[in-house]
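First comes the structure, then the notes that go with it.
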Amino acid sequence: MLDGNKINDVREMSKYGKAKGFLVAKRYNLPTYSNFFIIESEDEVQELLYTYKDQNDFCMRSDTKIGYTPIGVGGQNGNRETIFEYIREIRQKANELGTKGVAIIYWNNGNFCPTYETDGCFYLDYRTKRELIIDYIGKGWDGSYLSHGSACHETYSIPWEDILFLNDNNKMQYRKKVVCQKEYQKLRTSRINELSRRGLSRETLEKSIPEQYKGIKNDYFRQVVNQVIIPMYDSKDLQRHYKEYIPIAQIENGKVLVPEVILPERLKYREMSEMNEER
């Protein structure tokens with residue numbers, strides 16, 4: 001088991017895509033989880049459960065080494081039983097695909113927000129020295145929809161020279177797209193159906209995900225600007241090495257949380273797959 005708070009483990013952890021994204025968020029003092037662990041066996045699950053004897057809830061995500069084929073096991077919040085099921089599913093998928101699969105267990109003092117209770121998510125696509133593209137999805141969704149390109153409620157394009165002056169008062173001049181209510185209703189129905197198939201209460205989901213889309217709350221936008229957008233705009237070392245980098249900023253319990261900063265190298269496997277198809 002690798003521990004994100006152990007200096008000796010960090011180098012090995014940085015070989016994994018999502019894990020490295022967390023380490024980047026931590027490096028820039030973005031509001032993120034307090035720690036995370038990488039586990040790849042049931043024995044390591046037992047070790048984690050022993051360490052946190054009184055903890056019943058866990059935030060779980062799958063990961064692969066940078067450049068390896070992803071295993072396609074969706075993230076979820078789990079308990080002391082489902083965490084074993086999760087690592088078994090990862091191991092099975094990894095064996096089928098011939099890749100290196102692990103589970104990331106995020107830690108935030110043991111407090112986790114179910115994805116259907118998030119207050120929205122921002123996908124902040126920095127295109128160095130050119131522009132910042134902001135995709136946003138509203139209450140009841142999480143960042144996976146934005147990173148996979150399967151759903152989005154609003155899109156903004158801010159020229160690079162304007163980023164420093166962006167705020168909740170002038171944001172509308174940069175908005176390029178917004179979902180219509182008809183399309184929002186379709187997305188909401190699809191989201192509720194998907195979550196209910198996982199065994200979640202439809203009644204709970206209906207209450208959690210708004211019937212009408214009302215846009216980004218100014219307070220949330222302000223928090224993201226101050227705590228994520230400006231610090232990442234000032235990230236000169238990232239800009240020296242990358243033409244693009246993408247912080248994910250979720251609103252949980254009214255506050256910003258950045259689970260990771262996506263770097264282009266994490267997506268190298270896609271380039272390789274495309275090359276193989278062309279051959």
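Position 1 is the first residue of the sequence, and the numbers go up from there. This is a predicted model, so every value here is computed, not measured.
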Could you give me the CA-CA distance, side-chain angles and deciding distance for Arg198 and Leu195, then say whether side-chain contact (heavy atoms from CB on, under 4.5 Å) is met?
CA-CA 5 Å; Arg198 300 183 193 174; Leu195 292 173; 3.8 Å; yes
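- The aromatic ring centres of Tyr174 and Tyr156 sit 6.0 Å or more apart.
- Across Met232 and Gln239, no two heavy atoms sit closer than the pair O-NE2, 3.7 Å.
- The pair Glu89-Lys93 does not count as a salt bridge, with every side-chain nitrogen at least 4.0 angstrom from each carboxylate oxygen.
- For the pair Val228 and Tyr28, the minimum side-chain heavy-atom distance is 4.5 Å or more.
- With 3.5 Å as the limit, one finds no donor-acceptor pair spanning the side chains of Asn193 and Ser196.
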Chi angles and distances behind the side-chain contact (heavy atoms from CB on, under 4.5 Å) call for Leu48, Val45
CA-CA 5 Å; Leu48 182 72; Val45 173; 5.7 Å; no
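- Summarising the geometry of Asp237 relative to Arg27, their closest heavy-atom pair is OD2-NH2, 3.7 Å, with the distance given to 0.1 Å.
- A distance-only check finds a donor-acceptor pair linking the side chain of Thr128 to the backbone of Tyr242 [under 3.5 Å].
- Between Glu244 and Arg127, the closest heavy-atom pair is OE2-NE, 4.1 Å.
- Just one of Val225, Leu124, Leu164, Leu166 meets the side chain to side chain contact (heavy atoms under 4.5 Å, CB included) condition when paired with Tyr233; it is Leu164.
- Note on ring orientation: taking the six-membered ring where Trp is involved, the planes of Phe58 and Trp107 are tilted (angle from 30° to 60°).
- A salt bridge links Arg222 with Asp168: the distance from a Lys NZ or Arg NE/NH1/NH2 to an Asp or Glu carboxylate oxygen falls below 4.0 Å.
- Between the side chain of Tyr86 and the main chain of Ser62, a donor-acceptor pair closer than 3.5 Å is present.
- There is a side-chain donor-acceptor pair under 3.5 Å between Glu96 and Gln92.
- Under the 4.5 Å side-chain criterion, counting only non-hydrogen atoms from C-beta, Asp119 is not in contact with Lys217.
- A donor-acceptor pair is defined here as one N or O able to donate and one able to accept, closer than 3.5 Å; no such pair exists between the side chain of Thr32 and the backbone of Lys26.
- A salt bridge links Glu12 with Lys65: the closest approach of a Lys/Arg side-chain nitrogen to an acidic carboxylate oxygen falls below 4.0 angstrom.
- Glu131 and Ser157 share a side-chain donor-acceptor pair at under 3.5 Å.
- Checked for salt-bridge contact, Asp142 and Arg191 meet the test: a charged N lies under 4.0 Å from a carboxylate O.
- Relative to the six-membered ring of Tyr126, Lys129 misses at least one condition, a distance below 6.0 Å or an angle of at most 45° to the axis.
- With contacts defined as side-chain heavy-atom distances shorter than 4.5 Å, the pair Lys100/Glu40 qualifies.
- Under the 6.0 Å cut-off for aromatic ring centres, Tyr213 and Trp141 do not qualify, their centroids lying 6.0 Å or more apart.
- Here the side chains of Asn77 and Cys59 are in contact, with some heavy-atom distance below 4.5 Å.
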